[in-house]
*Asks:* 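This is the structure I want to talk about, given as structure tokens.
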Amino acid sequence: MRYLDLHTHSLLSCGVDTPLRMQYHAKRLGIEIGLCDGVDAGNGVFIKAGSSKEFIKALEKWRGRAGYIIIEGKNEKVAKAAFTKRGVDIVTLPGIESGWAFDAVAARKAKEMNVAVELGLDRLIQSYRMHRTRVIAGIRSCLRLKRKYGFEIVVTTGACCRYGLRKGDQVFELLRLLDFSEEEARSAMFEVPSTVLESGKSQILEGVKIKS
Amino acid sequence: MKLPSSLRPKKRYVCFVMHCDERATRSEVIRALWREILNFLGEQGTSKLNFWLMDFDEEQGRGFFRVAHDRVGELKGCLALVSEIDEKRVSFEVLGVSGTVDALKKKFFADREVVIEDREIELQGKKMRAVQEFDGCVDALPEDRELLARLRRERLTYVGLMKEDLKSP
């Protein structure tokens, strides 16, 4: 089962293993990964901003330089700003500790601005009992909004080490247990992430789209 | 009392490898897996799995489960949720599924060569101690405080590199 995990980190950002070691493990598991170290063009960048100003500053720095941009959706103002700015590829789904929930307004904006919503499996994997039931409820609610408003979902692991990566068929079965249909799971695991990666490669210069 | 063969549940055997910096015992693995599966699927769902850890090689971290033939997917999904055993970071990789134990062992139980070593290395100006090497991978113990803090955060023992990382400037 093909799987492209766009949100992983190596030693160059907040991870533990070198990029080569992460790539080796990904190859062993039969998956592809995108490293969010923000080091050079082609790689992704993960922006964690405390305020809208910080977010706009970081976005202007990385737009056109990074292969793709992921914004942390924990802060409500930052997340809502992310849905209005050009250049954002993915926004992470807010957790239950963030104080706001991904709602219909955000879903409509995500569809309008063609921003994908990231379902981080790390939150599901590292939670337990009651916390996990609430995380699962949040994922199901996002899935219902996706079916109604049509925005795209991207599934990632947020892996900061070799043991955070997961095999494609295991992720697929996990998504099926969370009520994703086969098509929805395949799309979230590979089709949508590939589109994000390809659109990033073709938009290297600000405002200019290069036809490959 | 044994059921007649026509009524016995059909089984599959799922081979897995457990990736971990340190070894885990068979009882630790059993405890962690049952807890995870029971928490996720509940007692009723787990009973349908007909799940049992048949064999586990503590040296290689390799083993296989028995599971009901129509619940293999659920088991794979549950294995993806396991991230630690007794505060040690782990991940479970499913290598394959088979109908018989013999076929499974022939296909998936090949030995992996691990070379234990103890030498000083340097990566990006940071000194480390290479501890073991296998398949071109090197596991190292860092001296740098920041790296040690990251290892503690991820509940890992070693930083992972490749031999190529040590060759490049």
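Chain naming here is simple, since letters A, B, ... match the order of the sequence lines and numbering starts at 1 in each. Values in this document were obtained by computation on a predicted structure and should not be read as measured data.
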*Asks:* Are Arg89(B) and Glu154(B) close enough for a salt bridge, meaning some N to O gap below 4.0 Å?
*Replies:*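 Looking at Glu154(B) together with Arg89(B), the answer is yes, because their closest N to O distance falls below 4.0 Å.
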*Asks:* Please look at Val82(B) and chain A and tell me whether the side chain, the backbone, both or neither of the residue comes under 4.5 angstrom of a heavy atom of that chain.
*Replies:*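 It is the backbone, since no side chain atom gets that close.
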*Asks:* Should the pair Lys48(B)-Glu74(B) be classified as a salt bridge under the 4.0 Å nitrogen-to-oxygen rule?
*Replies:*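 Not counted as a salt bridge, because no side-chain N and carboxylate O are separated by less than 4.0 Å.
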*Asks:* Is Ser199(A) reaching over with its side chain to a backbone N or O of Thr195(A), donor-acceptor style, under 3.5 angstrom?
*Replies:*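 Flag set: sc Ser199(A) to bb Thr195(A) pair under 3.5 Å.
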*Asks:* Given heavy-atom pairs under 4.5 angstrom as the criterion, report whether the side chain, backbone, both or neither of Leu75(B) touches chain A.
*Replies:* neither
*Asks:* Is the shortest side-chain N to carboxylate O distance from Arg150(B) to Glu146(B) below 4.0 Å?
*Replies:* yes
*Asks:* Going by heavy atoms in the side chains, are Val131(B) and Asp118(B) under 4.5 Å from each other?
*Replies:* no
*Asks:* Would you please go through residues 73-81 of chain A and name the residues with a non-hydrogen atom below 4.5 Å from one of chain B, in numerical order?
*Replies:* none
*Asks:* So, Glu198(A) side chain and Ser194(A) main chain: donor-acceptor pair closer than 3.5 Å or not?
*Replies:* no
*Asks:* Pick one of side chain, backbone, both or neither for Leu147(B), based on which atoms fall under 4.5 Å of a heavy atom in chain A.
*Replies:* side chain
*Asks:* Mind checking the CZ-CG spacing from Phe64(B) to Asp55(B)? Nearest 0.5 Å is all I need.
*Replies:* 5.0 Å
*Asks:* Is it the case that the ring center of Phe65(B) lies less than 6.0 angstrom away from the ring center of Tyr13(B)?
*Replies:* no
*Asks:* Does any N or O in the side chain of Asp37(A) come within less than 3.5 Å of the main-chain N or O of Ser10(A), such that one atom is a donor and the other an acceptor?
*Replies:* yes
*Asks:* For chain B, which residues of residues 148-178 of chain A have at least one non-hydrogen atom nearer than 4.5 Å to it?
*Replies:* Cys160(A), Cys161(A), Arg162(A), Tyr163(A), Gly164(A), Arg166(A), Lys167(A), Asp169(A), Gln170(A), Glu173(A), Leu174(A), Leu177(A), Leu178(A)
*Asks:* Sub-3.5 Å donor-acceptor pair from the side chain of Glu93(B) to the main-chain atoms of Met18(B), do we have one?
*Replies:* no
*Asks:* Could you check which of Pro142(B), Cys78(B), Ala140(B), Cys20(B) has the highest count of heavy-atom pairs closer than 4.5 Å to chain A?
*Replies:*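 Highest number of pairs under 4.5 Å: Cys20(B).
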*Asks:* With a 4.5 angstrom heavy-atom cut-off, which part of Gln124(B) approaches chain A: side chain, backbone, both or neither?
*Replies:*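 Contact with chain A involves the side chain of Gln124(B) alone.
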*Asks:* Side chains of Arg71(B) and Asn50(B): donor-acceptor distance under 3.5 Å anywhere?
*Replies:*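 No, no side-chain donor-acceptor contact under 3.5 Å.
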*Asks:* Counting distance only, does the side-chain N/O of Asn39(B) pair as donor-acceptor with the main-chain N or O of Arg35(B) below 3.5 Å?
*Replies:*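 Confirmed, Asn39(B) side chain pairs with Arg35(B) backbone.
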*Asks:* Which atoms of Leu156(B) are under 4.5 Å from chain A, going by heavy atoms: the side chain, the backbone, both sets, or neither?
*Replies:*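 The side chain, not the backbone.
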